[in-house]
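As a basis for the values below, the full set of heavy atoms in this structure was taken, side chains included, without hydrogen atoms, waters or symmetry mates. As the structure is a computational prediction, the values presented were derived from the model and not from experiment. Position 1 is the first residue of the sequence; numbering continues from there.
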Amino acid sequence: MKATALLIVCSCLISGSFGKPQFPGKLLPLPQFLHSPTSVVFFPLAEQEKEPKFWNTWAQRTLKNALTLETLNRNTAKNLILFLGDGMGVPTVTAARILKGQLNGQSGEETQLEMDKFPFVSLAKTYNTNAQVPDSAGTATAYLCGVKANEGTVGVSAAAVRSQCNTTEGNEVTSILKWAKEAGKSVGIVTTTRVNHATPSASYAHSVDRDWYSDNEMPADALKDGCKDIARQLFENIPNIDVVMGGGRKYMFPKNTSDVEYPGVAKHSGTRKDGRNLVQEWIDKMRNKRGHYVWNKKQLLSLNPTSVDYLLGLFEPADLPYNLERNTETDPSLTEMVEVAIKILRKNPKGFYLLVEGGRIDHGHHEGKAKQALHETVEMDRAIGQASLMTSIHDTMTIVTADHSHVFNFGGYTVRGNTIFGLAPMMSDVDQKPFTSIIYGNGPGYKLVNGGRENVSTVDYQDSNYQAQAAVPLSMETHGGEDVAVFAKGPLAHLLHGVHEQNYIPHVMAYAACIGQNREHCFTSSGSAVLRPVLSSMATLLTVTRILC
C-alpha cells in the first residue's frame with residue numbers, strides 16, 4: 001500500500017513538472033494558491049482576464065472544491081491554534097492581501113492570504129458589555145474565556161468594574177489555555193507585544209485593569225487590597241505554561257535594574273517595586289525541567305527544541321519592534337517564534353494549545369501608520385503559513401480572527417494594481433488636491449496647511465511611518481465597532497459559520513478538542529470515544545498526493 005501511494009505521489013510530481021503549459025510573453029508571477037484545488041495557471045494579465053473561459057474555469061474549480069466540504073471533518077482536535085490579529089478588521093485583511101501580492105510582483109488583488117485558504121469563514125460581534133466599540137481587553141476575555149466583559153478588564157466577568165480591585169474576587173473567569181493545560185496538553189503564548197499586554201494576559205490573568213503591567217503601574221489601594229499585577233500572575237496563576245514569547249522584560253525586574261540589551265536607557269530599566277526578579281525566579285524553578293530563558297534571536301534559534309520542554313523568551317523591554325524596523329540579526333520575527341513554539345509544543349502526545357498574536361497591527365493603526373500595520377498583517381499571515389506546514393488539518397483546529405477593527409479603509413476608484421499605499425487616480429473635486437487611497441476616519445494624520453487639507457503630493461506618502469490623512473484630529477486613532485472575520489479550518493471548523501457573539505469562539509475550540517466544560521459528546525456510555533480519531537498516515541499521504549496533483 002505504501003509503495004502504491006508513493007508511486008502515485010511520484011507520478012503526480014513528474015506529470016506536474018511536464019504538464020504545465022508554456023505561454024509566450026511575460027507572465028504574471030504565479031499566485032500563492034497555484035497548488036490549491038481552486039487554482040488556475042495565470043496567463044499574461046492583459047490576455048487571460050479578457051476571456052470568459054478564465055473566470056468560468058476558476059469558478060467551476062472553486063465550486064468543485066466547495067462541494068468536497070460536504071464531507072465534514074468530525075475528528076477530535078488534538079491541537080488548537082488561535083491566531084489573533086489585533087485590530088485586523090476586514091479592510092485590513094483586504095489591504096494586506098493586496099500588499100502581499102504586490103510584494104511578490106503581482107497586481108495584488110488576485111492574491112490569496114494564507115487565512116483566505118481556510119474553508120470556513122464567519123463573523124464575530126465584538127462589542128464589550130459596556131462598550132459599543134470595544135477594546136482589546138474585554139474582547140480578549142470573550143474569545144479566550146468564553147465570557148463577554150467590560151472594556152479594560154481581563155479574565156473577569158462583567159460584574160467586575162475597571163480599576164476597582166475589590167470587584168475582582170469572585171468574578172474571575174478561566175481561559176481555554178487553562179482548560180487545555182488541565183487536560184494535559186502543552187500550552188503556549190506568542191505575541192509581538194508585551195507578554196502581559198491585553199490579549200495574552202486574558203489567557204492567565206484576572207485583572208480589573210489591563211494597564212497593571214507590574215506593581216509599579218498599580219495604585220496603592222489596589223496593592224493594599226491584595227490585587228496582583230499582570231506580570232506576576234503570568235508566573236503564578238497557571239503553573240508551568242510551556243512556551244511564552246514576546247516582549248515585556250522590564251516588568252519582570254526590580255525597579256531601576258538596567259536592561260540587558262539597553263543598559264544605558266532609563267525607560268527600559270526594570271519597574272518592579274516589590275524587588276522581585278521574576279525571570280530569575282522562573283529560571284531557578286525550571287533549572288531541572290529543561291527550561292530555557294532567551295532574550296535575543298541568536299539564543300532562540302540556537303536551541304534544540306527536542307531538548308526544551310519550557311521556554312521563556314522576552315526579546316524587548318516593552319513591545320517588539322515593527323517588522324519593518326526589526327533588527328533581523330537580533331530580533332526574531334513572529335514566524336520564527338511560531339516555528340520554535342510548535343516544535344516544542346508538538347512533542348506532547350496529548351497535543352497542544354497555542355495563542356499567537358500579531359499585536360502591533362493595532363499599534364500601527366493607532367499611530368495612523370498604515371504601512372506598518374499592513375506589513376505586520378502580512379508577517380502574521382506568513383506565520384499562519386508556517387504553522388500550516390507544521391500541522392495537519394486532520395488533527396489541528398486553526399482559527400484566525402481579530403479582536404476588533406479600526407477606522408481604517410481604502411478607496412478612491414483606484415485602478416487594478418495601484419500600489420496599496422498610492423494615490424487615488426483623481427483630484428478631490430472640492431479642494432482640487434490629490435489624496436491617498438488609504439484614509440482613516442480619525443487620528444494623528446489630520447493636518448491643516450494654510451487653513452486647508454495638506455497636499456499629499458508634497459510629502460513622502462510611501463514612507464514607512466507616514467501618517468495617512470484622517471477626517472477627525474486625534475492624537476491616537478480609534479478602534480472600529482464592526483464585526484470581524486473568523487477564519488477556521490480543521491476538526492469541527494464548520495461550527496464557525498454565520499454571525500456569532502465573539503465569546504462563542506473558545507467554546508467551539510474546546511468542544512472540538514474535548515476539553516473544558518462540555519465533553520459528554522466525546523464518549524459513549526461505555527466510555528469509548530465518539531468523535532473520530534485522526535486519519536491514518538495512509539490517508540494523510542493520500543491527502544498530500546491530492547494537493548501535489
SB check [X] [Y] (cutoff 4.0 Å):
X	Y	value
Glu110	Arg416	yes
Asp309	Lys347	yes
Arg360	Glu379	no

Heavy-atom distance under 4.5 Å between the side chains of [X] and [Y], does that happen here?
X	Y	answer
Val90	Glu482	no
Glu114	Gln386	no
Lys297	Asp331	no
Val147	Asn503	no
Leu374	Ile438	yes

Output a table of donor-acceptor pairs, distance under 3.5 Å, between side-chain atoms of residues 79-88 and any protein atom two or more places apart or on a different chain; print 'none' if there are none.
| residue | atom | partner | partner atom | Å |
| --- | --- | --- | --- | --- |
| Asn79 | OD1 | Phe352 | N | 3.1 |
| Asn79 | ND2 | Thr396 | OG1 | 3.1 |
| Asp86 | OD1 | Ser136 | OG | 3.2 |
| Asp86 | OD1 | His404 | NE2 | 3.2 |
| Asp86 | OD2 | Ser136 | OG | 3.3 |
| Asp86 | OD2 | Thr199 | OG1 | 3.4 |

Practice task
Specify the closest pair of heavy atoms between Leu314 and Gly247, including all atoms of both residues, with the distance to one decimal.
Solution key: CD2-O, 3.7 Å
Problem - Taking every non-hydrogen atom, the tightest pair across Val187 and Ile241 - result: O-CG2, 3.9 Å
Handout entry: Expected output: side-chain Asn518 to main-chain Tyr511 donor-acceptor under 3.5 Å
Key = no
Handout entry: Contacts of Phe487 that satisfy ring-ring contact (aromatic ring centres under 6.0 Å, His included) - sequence neighbours left out
Key = none
Exercise for the section: Output every pair passing salt bridge (Lys or Arg N to Asp or Glu O under 4.0 Å) with a member in residues 195-206, not counting sequence neighbours, ordered by first then second residue. Expected result: none
Handout entry: salt bridge (Lys or Arg N to Asp or Glu O under 4.0 Å) contacts in which one or both residues fall within residues 122-138, not counting sequence neighbours
Key = Lys125-Glu501, Asp135-Arg210
Practice task
Please determine, by modelled atom types, if Ser388 and Lys489 share a side-chain donor-acceptor pair under 3.5 angstrom.
Solution key: yes
Practice task
Compute whether any side-chain donor of one residue and acceptor of the other, for Gln502 and Thr139, lie under 3.5 angstrom apart.
Solution key: no
Completion exercise
Per ring-ring contact (aromatic ring centres under 6.0 Å, His included), Phe408 is matched among His365, His479, His366 by His365
Practice task
Name all residues meeting the salt bridge (charged side-chain N to carboxylate O under 4.0 Å, His left out) criterion together with Lys181; count only those two or more places apart in sequence or in a different chain, and write none if there are none.
Solution key: Asp242
Problem - Pairs flagged by ring pair (Phe, Tyr, Trp, His ring centres under 6.0 Å) wherever residues 176-201 is involved - sequence neighbours left out - result: His197-His363
